[in-house]
Amino acid sequence: MTDPSGFLRIPRRPAPSRPPGERARDWDEVYRGQPLLPLVSDQARRCMDCGVPFCHGACPLGNLIPEWNVYAAHGDWATAAERLHATNNFPEFTGCLCPAPCEDSCVLALTDESVGIKQIERTVVEQAWAHDHVRPLPPTRMSGRSVAVVGSGPAGLAAAQQLTRAGHAVTVYERADRVGGLLRYGIPDFKMSKDRLDARIAQMEQEGTVFRPGVDVGRDLDAKRLRSDHDAVVVATGATRPRELNCEGRKLSGVHHAMEYLVAANRATPSCPVPPALSAWGKDVVIIGGGDTGSDCLGTALRQDAASVVQVDINPQHGSERRSDEPWPLVHPRIHRTSHAHEEALARDGVDPRAFSSLTVRFDGDPSGAVRALVLNAVTPEDRRLLPGATRELPAQLVLLALGFAGPELDPGLVGPLGLVTTAGGTFARTPDFAALPDVVTPPREGRGSTAVFVAGDAGRGASLVVWAIAEGRATAAAADRFLCGATELPSPISATDRPLA
């Protein structure tokens with residue numbers, strides 16, 4: 001234990017972010033350049049090193065949180081980083097992007113504010129990079145087997161790194177022009193700078209992983225040939241098929257899915273300076289959807305100097321405390337949360353940008369066929385019934401649909417040749433050990449066994465958190481290694497059927 005009375009003496013103090021008005025004028029990370037070390041070491045002393053650390057159970061990676069808290073409290077950043085990397089390939093991704101369900105399951109949260117696990121994690125890995133504690137770990141021997149990974153998001157990258165370190169020849173195929181999947185073009189720089197992603201890709205290349213960006217498997221490369229050329233294939237294409245909003249006026253120009261907008265905007269940030277094909281500059285923007293993607297659109301629109309921004313959420317505004325039907329340690333309870341983008345909108349416009357308990361009724365257009373307004377109707381918090389006479393109109397020249405994702409894209413050039421089938425939920429079917437169902441095994445190659453297909457990440461689970469994607473990549477790598485070698489020493493933190501505590 002770091003300090004037997006630390007949780008009694010030391011209050012929770014979040015890491016200071018840059019002022020909202022300042023950061024909304026650039027694309028730098030919210031915490032970039034802020035002093036963290038003394039604060040974070042002190043906050044780590046609040047960890048009680050519980051006999052049953054429920055933070056472990058809330059994290060699908062099984063992160064050794066109390067262990068690296070001890071080392072962070074004593075300023076031993078090298079050992080803290082070693083314990084952090086023992087279960088997580090990319091802690092800087094989770095430290096920036098994960099909503100930290102581990103904090104909601106912290107035992108201290110029963111009577112007080114939880115330990116600031118996320119900011120401790122982010123500081124540990126930043127110190128590791130700053131002091132050269134993150135190094136390539138190439139395999140000591142090669143297996144003679146090859147693996148193709150389709151998709152370079154967090155699940156694909158985690159699977160590739162684990163399999164490369166196990167001694168397999170791994171090639172990652174990415175259809176975009178640069179590696180990273182949604183980490184590259186779906187996440188704004190102010191949320192996670194792309195230099196973090198580039199550093200990990202460089203590490204993986206030094207370990208031996210081969211990346212082939214700009215290759216769309218099933219179109220640019222025959223999936224049957226891909227399968228015949230490798231001993232195993234890992235499908236990690238993500239769940240990028242957007243949910244649709246079917247209402248009057250949907251086909252008007254100016255109504256876009258959120259990822260269309262975010263990809264265009266991320267190609268135009270300092271890390272990738274390309275003029276945006278789709279911009280919010282000078283427009284009244286309405287974002288439909290109250291989740292993280294909607295918040296990312298909000299922060300991006302503010303930085304593009306939108307005239308106004310409103311985020312529409314069909315859900316009611318939640319309270320500040322857990323509900324009685326969400327007892328601890330239920331992961332990530334439904335409480336009112338304010339993102340950095342919401343802070344920035346409040347600082348700029350003086351009001352919270354969110355419209356809760358609101359349903360989009362229709363889009364109205366101008367004579368040219370472009371959207372000019374959006375009509376909302378208030379709904380009851382309990383069952384979302386329309387309230388009579390509670391309509392209002394919002395001006396809008398840009399509408400962004402941030403309604404989540406329905407599953408992976410069903411490209412016939414990929415699905416058929418790899419023997420993939422979909423579940424009722426729209427994901428790719430698989431066994432608890434991540435093997436595709438049905439696994440149509442190809443004829444054995446000369447001197448080798450048959451080829452198996454595995455499904456990792458959101459393509460099999462459905463849209464989920466980055467921490468689950470990395471856990472899936474690690475577990476899928478263990479399953480593929482077992483198939484290739486008959487046994488594995490790779491960790492397998494979850495099965496394909498595991499779900500968050502609820």
Side-chain angles (χ1 to χ4, degrees), residues 58 99 101 104-105 109 239 241-252 255-259 284-298 308-339 341-342 345-346 351-364 371 373-396 399-407 422-427 458 461-465 468 499-502:
D104 291 313
S105 292
R241 183 158 43 93
R243 289 198 178 100
E244 191 52 83
L245 179 63
N246 296 312
C247 68
E248 183 181 347
R250 168 63 183 90
K251 299 301 183 181
L252 291 168
V255 182
H256 299 270
H257 289 294
M259 277 303 157
D284 297 303
V285 179
V286 177
I287 302 161
I288 303 176
D292 287 344
T293 302
S295 176
D296 291 345
C297 290
L298 172 62
S308 68
V309 190
V310 177
Q311 185 177 8
V312 177
D313 192 344
I314 196 172
N315 297 300
Q317 180 173 338
H318 298 297
S320 59
E321 303 291 335
R322 286 180 182 270
R323 297 174 9 164
S324 59
D325 61 347
E326 296 178 334
W328 179 90
L330 189 73
V331 174
H332 218 51
R334 288 171 290 180
I335 61 175
H336 182 64
R337 304 176 194 271
T338 299
S339 74
H342 298 140
L346 183 59
V351 295
D352 191 303
R354 290 169 284 188
F356 292 103
S357 296
S358 298
L359 175 70
T360 303
V361 177
R362 70 175 188 272
F363 304 116
D364 290 338
V371 66
L374 177 148
V375 177
L376 298 178
N377 201 118
V379 297
T380 57
E382 300 81 12
D383 52 10
R384 299 178 178 177
R385 286 186 298 107
L386 294 176
L387 292 173
T391 61
R392 62 170 170 149
E393 183 178 284
L394 298 175
V399 177
L400 303 173
L401 307 180
L403 301 171
F405 301 93
T422 55
T423 66
T427 59
D458 291 359
R461 175 170 296 274
S464 188
L465 304 179
W468 278 93
R499 291 295 180 268
L501 178 66

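Model, not experiment: these values are computed from the prediction. The figures that follow rest on heavy atoms only: side chains count, while hydrogens, waters and symmetry mates do not.
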With a 4.5 Å heavy-atom cut-off, do [X] and [Y] have their side chains touching?
{"X": "His336", "Y": "Glu321", "result": "no"}
{"X": "Ile335", "Y": "Ser320", "result": "no"}
{"X": "Arg250", "Y": "Glu244", "result": "yes"}
{"X": "Leu376", "Y": "Val361", "result": "no"}
{"X": "Leu298", "Y": "His342", "result": "yes"}
{"X": "Phe363", "Y": "Leu245", "result": "yes"}
{"X": "Leu374", "Y": "Val399", "result": "yes"}

How far apart are the closest heavy atoms of [X] and [Y], and which atoms are they?
{"X": "Pro316", "Y": "Ser357", "result": "CA-OG, 3.2 Å"}
{"X": "Arg243", "Y": "Ala406", "result": "CG-N, 3.9 Å"}
{"X": "Pro395", "Y": "Asp284", "result": "O-CB, 3.4 Å"}
{"X": "Cys247", "Y": "Thr360", "result": "SG-CG2, 4.3 Å"}
{"X": "Asp352", "Y": "Leu346", "result": "N-CD1, 3.6 Å"}
{"X": "Val310", "Y": "Ala355", "result": "CG1-CB, 4.2 Å"}

Taking [Y]'s backbone N and O only, do any of them form a donor-acceptor pair with [X]'s side chain (distance below 3.5 Å, no angle check)?
{"X": "Thr423", "Y": "Thr427", "result": "yes"}
{"X": "Ser105", "Y": "Ala58", "result": "no"}
{"X": "Arg384", "Y": "Asn315", "result": "no"}
{"X": "Thr391", "Y": "Gly389", "result": "no"}
{"X": "Gln311", "Y": "Gly289", "result": "yes"}

Could you walk me through whether Thr293 and Met259 pass side-chain contact (heavy atoms from CB on, under 4.5 Å), step by step?
CA-CA 8 Å; Thr293 302; Met259 277 303 157; 4.2 Å; yes
To the nearest 0.5 Å, what is the distance between [atom1] on [X] and [atom2] on [Y]?
{"X": "Asp313", "Y": "Ile287", "atom1": "CG", "atom2": "CD1", "value": "11.5 Å"}
{"X": "Ile288", "Y": "Leu401", "atom1": "CD1", "atom2": "CG", "value": "5.5 Å"}
{"X": "Asp292", "Y": "Cys297", "atom1": "CG", "atom2": "SG", "value": "11.0 Å"}
{"X": "His318", "Y": "Arg334", "atom1": "NE2", "atom2": "CZ", "value": "6.0 Å"}

Regarding Asn377 and Arg392, is there a side-chain donor-to-acceptor distance under 3.5 Å anywhere?
no
Non-neighbouring partners of [X] that pass side chain to side chain contact (heavy atoms under 4.5 Å, CB included), sequence neighbours left out:
{"X": "Asp104", "result": "Arg322, His332, Pro333, Arg337"}
{"X": "Leu465", "result": "Pro99, Pro101, Val467, Trp468"}
{"X": "Thr380", "result": "Glu382, Asp383, Arg385, Leu387"}

